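Take a look at the structure set out below.
Note that the structure is predicted; figures quoted are calculated from it, not measured. All ligand and atom numbering here is 1-based and tracks the order in the structure.
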Amino acid sequence: MNLIDTLRRAIGERNVLCEGDLSAWELDWRKRYRGRALAVVRPGNVDEVAAVVKACAAHGTGIVPQGGNTGLVGGSVPDDSGTQLLLSLTRLNRVRDIDRANLTMTVDAGCILQSVQEAAAGEDLLFPLSLAAEGSCTIGGNLATNAGGTQVLRYGNARELCLGLEVVTATGEVWDGLTGLRKDNTGYDLRDLFIGSEGTLGVITGATLKLHPRPAARMTAFAALPTLDAAVQLLQAAQARLGAGLTGFELMSEFSLALVRKHFPQLAQPLPPAAWTVLLEQSDNESEAHARALFEALLEGALEAGTISDAAVAESLEQSRAMWHLRESIPLAQVEEGLNIKHDISLPVSRIPAFVASTDAALTRSFAGVRLVNFGHLGDGNLHYNVQAPPGVANTQFLSDNEAAVNALVYDAVTAHGGSISAEHGVGALKREELALRKPAVAMEMMRAIKRALDPAGLMNPGRML
Ligand code: FAD
Ligand code: ZN
């Protein structure tokens with residue numbers, strides 16, 4: 001029997017799509033990668049996923065796993081050969097179990113992140129992973145990319161929030177590793193191999209996640225700063241004063257907020273334009289009054305010291321949401337402005353001011369008029385350091401003429417400052433070649449050995465990462 005017929009028999013005719021408009025699965029979020037799938041398959045449970053993978057293994061057909069298709073590195077869409085199967089996990093969307101005493105929750109991989117957050121909140125608990133795509137990205141995609149987001153400073157990346165996994169291997173076996181154990185030293189950590197593997201080793205079908213108590217109060221503020229050095233000083237002061245209470249520290253350059261003003265003028269900005277703006281968030285397990293006292297003391301101290309020039313503390317949940325909404329509108333404002341050259345980089349926090357000063361200057365020297373959209377998770381040393389065409393220059397032309405040279409300049413600087421060329425978005429198709437150039441040969445060979453061992457036929461997300 002041919003593959004498509006086998007798949008139809010295994011998971012039902014209507015879950016195997018070969019015709020019509022498949023762009024929802026074949027085109028990536030940024031509209032930079034458009035592929036063509038042999039078919040889009042939508043299994044409904046782990047056994048159906050295993051059946052699909054087994055059938056593909058028998059036919060030597062490559063598989064591209066996909067969750068919410070919000071990934072930013074071209075890893076979630078097929079190539080344009082028409083030979084790769086697109087395996088969508090979104091029908092696996094059950095919350096399987098919440099264990100309140102163990103502070104864990106077991107979910108299907110296709111659960112939307114926001115619904116996982118809501119299920120935890122329904123038990124008065126917190127699942128802290130949070131990012132602007134949370135209304136459409138899936139927990140499987142979050143784990144496959146080891147997503148970061150806005151709460152990493154306190155709670156860690158997706159990796160730190162996962163205790164166990166269920167995986168369909170590249171040969172179609174089901175590995176049930178859904179443990180809620182916080183300690184388990186029984187050999188190699190298979191879970192950690194699959195987290196961050198971007199669909200290149202197997203298909204994540206379920207996960208046991210770590211929950212946290214819900215904070216009693218949350219405070220949010222915007223602070224205006226004259227320099228990046230001041231932002232690093234404010235971070236140190238906030239860490240010293242708030243300790244684990246500091247749950248967010250997001251940086252926004254004036255040009256990033258100017259793009260939001262231009263494309264979303266209806267969003268009021270709480271402070272007048274300043275060279276840099278930081279969004280601070282504090283979570284407190286005592287009370288709102290306790291939180292406010294600590295927070296205001298921090299900001300008053302910073303004003304007196306001249307670290308910040310202005311601050312606005314949210315007075316209500318609504319104002320706090322509006323502040324986060326501004327921050328999260330930066331990627332959307334960039335989409336409105338047109339394609340740019342994205343760099344999701346991390347550096348030691350201490351090196352960030354020097355990195356930005358020298359790299360901004362070098363870019364402006366080499367590419368006159370370029371505009372830098374610099375924002376990100378400063379508390380994690382993670383910048384979204386994006387390069388936009390000069391005013392009046394077509395974005396697509398700028399990219400085709402300069403993308404390679406801009407990347408070389410930025411990534412050389414990142415390397416020189418001891419940083420990473422992918423902080424939280426992953427490698428995918430976008431950074432595959434760059435990775436091979438920049439990761440030590442010994443490390444690349446260990447990665448290839450793992451790939452050969454777990455996916456000997458090379459069928460899992462071929463052409464991505466490695
Ligand atoms: P997809 O895009 O569908 O897939 C991503 C990768 O994972 C692909 O390689 C795919 O093959 C693989 N994959 C997906 N599901 C599975 C599975 N079940 N098993 C095996 N492999 C799988 N990321 C951050 O880290 N921090 C941010 O702050 C952040 N902000 C974002 C804001 C916006 C507006 C957008 C659009 C994206 C943002 N991202 C951010 C990118 C981020 O990687 C994704 O949003 C998310 O983690 C991917 O989830 P997804 O379900 O959409 O995965
Ligand atoms: Zn980010």
Side-chain angles (χ1 to χ4, degrees), residues 24-25 27-31 33 43 46 49 53 62-78 84 86-93 107-114 116 129-152 157-159 165-170 194-207 248 250-251 324 327-335 342-346 375-380 382-386 422-430 432 455 460-465:
W25 296 277
L27 179 65
D28 80 317
W29 190 84
R30 290 182 67 206
K31 303 189 168 56
Y33 293 88
V46 57
V49 174
V53 175
I63 299 174
V64 181
Q66 187 186 86
N69 196 16
T70 66
L72 299 175
V73 290
S76 56
V77 294
Q84 299 180 336
L86 191 291
L87 171 60
S88 166
L89 277 303
T90 52
R91 286 184 61 231
L92 275 73
N93 59 5
V107 300
D108 283 354
C111 284
I112 301 290
L113 173 56
Q114 191 175 334
V116 173
L129 187 67
S130 178
L131 42 119
E134 64 199 21
S136 31
C137 63
T138 63
I139 206 71
N142 300 148
L143 290 166
T145 58
N146 186 25
T150 55
Q151 304 280 301
V152 174
N157 296 294
R159 185 186 301 283
L165 283 185
E166 178 187 77
V167 169
V168 171
T169 68
F194 288 99
I195 296 175
S197 66
E198 300 184 40
T200 63
L201 298 179
V203 184
I204 298 171
T205 51
E250 299 286 312
L251 177 77
W324 275 109
R327 157 65 184 86
E328 291 183 343
S329 297
I330 297 173
L332 307 174
Q334 288 180 104
V335 173
K342 279 201 189 318
H343 305 105
D344 162 41
I345 56 177
S346 66
F375 66 101
H377 320 286
L378 185 66
D380 315 323
N382 177 189
L383 297 179
H384 297 309
Y385 187 78
N386 302 334
S422 176
E424 58 173 9
H425 296 161
V427 178
L430 182 70
R432 185 179 72 136
D455 179 21
M460 292 307 309
N461 218 353
R464 309 311 148 89
M465 188 192 286

Which protein heavy atom lies closest to atom 22 (C) of ligand 1, and at what distance to 0.1 Å?
Ala144 CB, 3.4 Å
Out of Cys137, Ala429, Gly75, Gly68, who is nearest to atom 49 (O) of ligand 1 when you count heavy atoms only?
Cys137
Heavy atom of the protein closest to atom 23 (N) of ligand 1 (residue, atom name, distance):
His425 CD2, 3.5 Å
Are any of the N or O atoms of Gln66 closer than 3.5 Å to those of ligand 1?
no
Between the candidates Ser422, Ser329, Ala158, Gly140, which shows the shortest non-hydrogen contact distance to atom 16 (C) of ligand 1?
Gly140
Looking only at protein heavy atoms, what sits closest to atom 27 (C) of ligand 1 is Glu424 OE2, 3.4 Å
Restricting to heavy atoms, the pick from Leu86, Val203, Ile112, Thr70 nearest atom 44 (C) of ligand 1 would be Thr70
Geometry only, no angles: is Gly148 polar-contacting ligand 1 at N/O separations under 3.5 Å?
yes
In the protein, what heavy atom is nearest to atom 10 (C) of ligand 1, and what distance, to one decimal place, separates them?
Pro65 O, 3.1 Å
How far is atom 38 (C) of ligand 1 from its nearest protein heavy atom, and which residue and atom name does that atom have?
Leu72 CD1, 3.8 Å
Close approach, Val64 and ligand 1, non-hydrogen under 4.0 angstrom:
no
Report the member of Gly67, Gly71, Ala133 with the shortest heavy-atom distance to atom 3 (O) of ligand 1.
Gly67
Salt-bridge test for Glu198 and Arg464: reply yes if a basic N is under 4.0 Å from a carboxylate O, no otherwise.
no
Could you measure the distance from the CG atom of Asn157 to the CG atom of Leu143? Nearest 0.5 Å is fine.
11.0 Å
Report the member of Ser76, Gly202, Ser136 with the shortest heavy-atom distance to atom 4 (O) of ligand 1.
Ser76
For atom 53 (O) of ligand 1, which candidate among Gly376, Gly141, Ser130 provides the closest heavy atom?
Gly141
Measure from atom 6 (C) of ligand 1 to every heavy atom in Leu87, Thr145, Ile204 and give the option owning the shortest one.
Thr145
If I apply the N/O under 3.5 Å rule, does Pro331 come out as touching ligand 1?
no
For the Zn ion (ligand 2), every protein N/O/S atom that sits closer than 2.8 Å, waters excluded:
His377 NE2, His384 NE2, Glu424 OE2
